[in-house]
K.L.:
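The structure that follows is given in the form of C-alpha cells.
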Amino acid sequence: MGNSFLEIASLNLAYRQGNQGVQILNQVSFSLAEGKIGVIIGPSGCGKSTLLNVIAGLNTCYQGSVLIDGLSPREFRDTALILQDYGLLPWKTVWENVTLGLQIRKHPKQEIREKGKMILAKMGLAHLAHRYPAQLSGGQRQRIAIARSLVLEPKLLLMDEPFSSLDALTREEMQHLLLEIWQETGLTILLVTHNIEEAVFLGQEIMVMTNLPGTVKEKVENNLAVNGSHRGTHQSLELANYLRQSLYGVMQDVAANQ
Amino acid sequence: MMTARYLTTGVVLLALWWLVAFAIDHSALPAPHRALISFYHQLDKGLIVHIGVSLYRVLVSLALSLLLGVPLGLILGRNRRLDSFLAPAIYLTFPIPKVVFMPVLFVLLGIGDLSKVVLITLIVFYQVLVTTRDAARHLEEAYVLSVQSLGAGTWELYAHVYFPGCLPEILTSLRLGLGTAMAVLFLTETYATRQGIGYFIMDALSRMAYADMFAGILAMGLMGFFLYLVIDGLEKRVCLWKSLTK
Ligand SMILES: Nc1ncnc2c1ncn2[C@@H]1O[C@H](COP(=O)(O)OP(=O)(O)OP(=O)(O)O)[C@@H](O)[C@H]1O
Ligand SMILES: [Mg+2]
C-alpha cells in the first residue's frame, strides 16, 4: 500500500430533513492509486454527487476519513471538480469562464493570458473564446468545463457524469479526449457515470455503489482500460455484463427491502 | 431602425395630443406646438435649472437605492439565518405606502434636497432590496458549487456569482423603480420648494400659464424617457447573456 493517493475510510454522511437525519453515505471505503482512473457507478440518487462534493471539499459535514495525498479535502488544493451540468457561468464568456479559476487564485495577469490561450488552443476552442455558454453545443460546453479545470493543473480531477447529456458520437470523442489528457498529464481521475460501457472503457478501478444509503459494494479491477482500443471487444462486453448483474443485484436488494 | 420607430411613435403621440386639444378646446390643454414653443423659451428662462435640480435628485436617489439595496439584498438572499431574522420586518413594512412619511421627513430633515432624496430612496430601495434578495435566493446552486470548486471564498462568490447572476433582475427593479421615483419626485417638489420641475409645473398652474405648465410636463416626460433609455441600454449591454439563455 502506501501509494494510494485517495484514501476513503468509513465515510458516513447524513442530511438533516426536518428534525431527523437521512443517511446518504454509509461506511464508504475505497482507495485509488496515483495516476489511475477510477469510475463510480451506481443507481440514481445513491449519493454519487454527494461523495464527489465531499472529496472536492465542498461538503464538510461528514464523519470518517477522507485523505488525498495525506491531506483533508479542504487542505488539499489541487482538486478540480466538473459538475453534472458543467457549472459554467452563463454570464461569463468562454474566455472568462476558462480563466476564472486562475483569476480567483490570483495568478499574475500575464500568466493568466498565456495559460488561457494555451489551453483553449489545445482543446480546439480558440475560435469560441468570446462566445457565451448559451451559444455553444453540449460537446463544446463540456470541453470548456474540462479546459477550465485543466488550466489549474490539478492533481486530482473529479467528474460528475461528464458525458451523460452528449450524443453517442460526441460522447465517444470526449472519452478519447479524456484518455489522451490522462496519458499526457498523468492525472488521477475519479469519474461518476450511469453508463456501464463508459465505466468499462475508462475505469481501471470500478466502484459499484448500492442504493441509498450508498456504500461501495464492490471494487472491480479492469486491466482492459489502458490503451483505449478495447471498445466492443469480447472481454469488455463480458465485464460490462458482470457489472450489469452486480447493479441489478443492488436494485433487487432495494426491491426486497421495500 | 429603432430611432425611426421612436420618432414615428413620437409624431403619433403629438398628433393625438393635438386632436384631443382640438376636441376639448380648453386653455388648460394647449396644442402641442404652443407647449413646444413655450418649452423652448422657458429653457433659457430657468427651466433648464429646474430640470438639472430634478435630475440631480432622481439620480442621487436611484444611486443610493442601488448602493444600499443591492448589497443588502444579496446578503439576505444568501444568508438563511439573517434573512429569517429580518424577513418579517421587511414583509410587514414593504406594503406600507412610504409616501405618507413625506410630512415627517419634511419636519425632521427640512425642506431641502435631503428630505426629498431620502423619501425617494426609501421607496425605490425597498423595490431593489426585495427583487435582489429573491433573485439571489433562487440562483442555481450549481453555479455556487462550481465556482467554489475553483477555490472561491465568500468575496469571490459575491463578485463572480451572486452579483452578476442577479444583475438582470437588479436592472429590471431599477427600471420599475424609475417610474416610482419620478412620481414621488413630482409629489415632493410640489410642496415648499422653489426648485425642480414639479415646482415649475405647479407654479405655472397657479399663474394659469398653461403653455408653461405643459412645458414643465414635457420636461418631466423627456427626463423620464431619457433615464429609461439609459437603463435600457445598460440592461442590453450588461445582460447580453440573458437574452441568449432561454
Ligand atoms: N442538500 C440536500 N439536502 C437533503 N438531501 C439531499 C441534499 N442533496 C442531495 N440530497 C439527497 O441525497 C441523495 C443523494 O444525492 P446525490 O445527488 O448525491 O445522488 P446521485 O447519486 O448523484 O444521483 P444522480 O445519479 O441522480 O445524480 C438523494 O436522495 C438526494 O435526494
Ligand atoms: Mg449526481
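Everything numeric in this text was worked out from a predicted model, so none of it was measured. Lettering of chains follows the sequences in order, A, B, ..., and the numbering in each one begins at 1.
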K.L.:
In terms of heavy-atom pairs under 4.5 Å with chain B, which of A:G57, A:P90, A:G87, A:A56 leads?
P.N.:
A:P90
K.L.:
Given that the side chain runs from C-beta out, which part of A:L88 has a heavy atom under 4.5 Å from chain B: side chain, backbone, both or neither?
P.N.:
backbone
K.L.:
Tell me, for B:V147 versus chain A, whether the close heavy atoms (under 4.5 Å) come from the side chain, the backbone, both or neither.
P.N.:
both
K.L.:
Side chain, backbone, both or neither: which part of A:N53 has an atom under 4.5 Å from a heavy atom of chain B?
P.N.:
side chain
K.L.:
Rounded to the nearest 0.5 Å, how far does OG of B:S149 lie from CG of A:L83?
P.N.:
6.0 Å
K.L.:
Against chain B, work out which of A:T79, A:L81, A:L89 has the most heavy-atom pairs shorter than 4.5 Å and name it.
P.N.:
A:L89
K.L.:
Tell me, side chain or backbone of B:Q148 under 4.5 Å from chain A's heavy atoms, or both, or neither?
P.N.:
both
K.L.:
Can any side-chain N or O of A:W91 pair as donor or acceptor with the backbone N or O of B:V161 at less than 3.5 Å?
P.N.:
no
K.L.:
Return yes when atom NZ of A:K155 has more than 12 non-hydrogen atoms of other residues, nucleotides or ligands closer than 6.0 Å, and no otherwise.
P.N.:
no
K.L.:
Rounded to the nearest 0.5 Å, how far apart are OG1 of A:T93 and CG of B:L240?
P.N.:
10.5 Å
K.L.:
Side chain from CB out, backbone as N, CA, C, O: work out which of these in B:L139 comes under 4.5 Å of a heavy atom of chain A, or both, or neither.
P.N.:
side chain
K.L.:
Go through the atoms of B:L167 and report whether side chain, backbone, both or neither lie under 4.5 Å from a heavy atom of chain A.
P.N.:
neither
K.L.:
Could you list which of residues 103-132 of chain A have a heavy atom closer than 4.5 Å to any heavy atom of chain B, in residue-number order?
P.N.:
A:Q103, A:I104, A:R105, A:K106, A:Y132
K.L.:
What residue, out of A:E96, A:K92, A:R77, has the most heavy-atom pairs lying under 4.5 Å from chain B?
P.N.:
A:K92
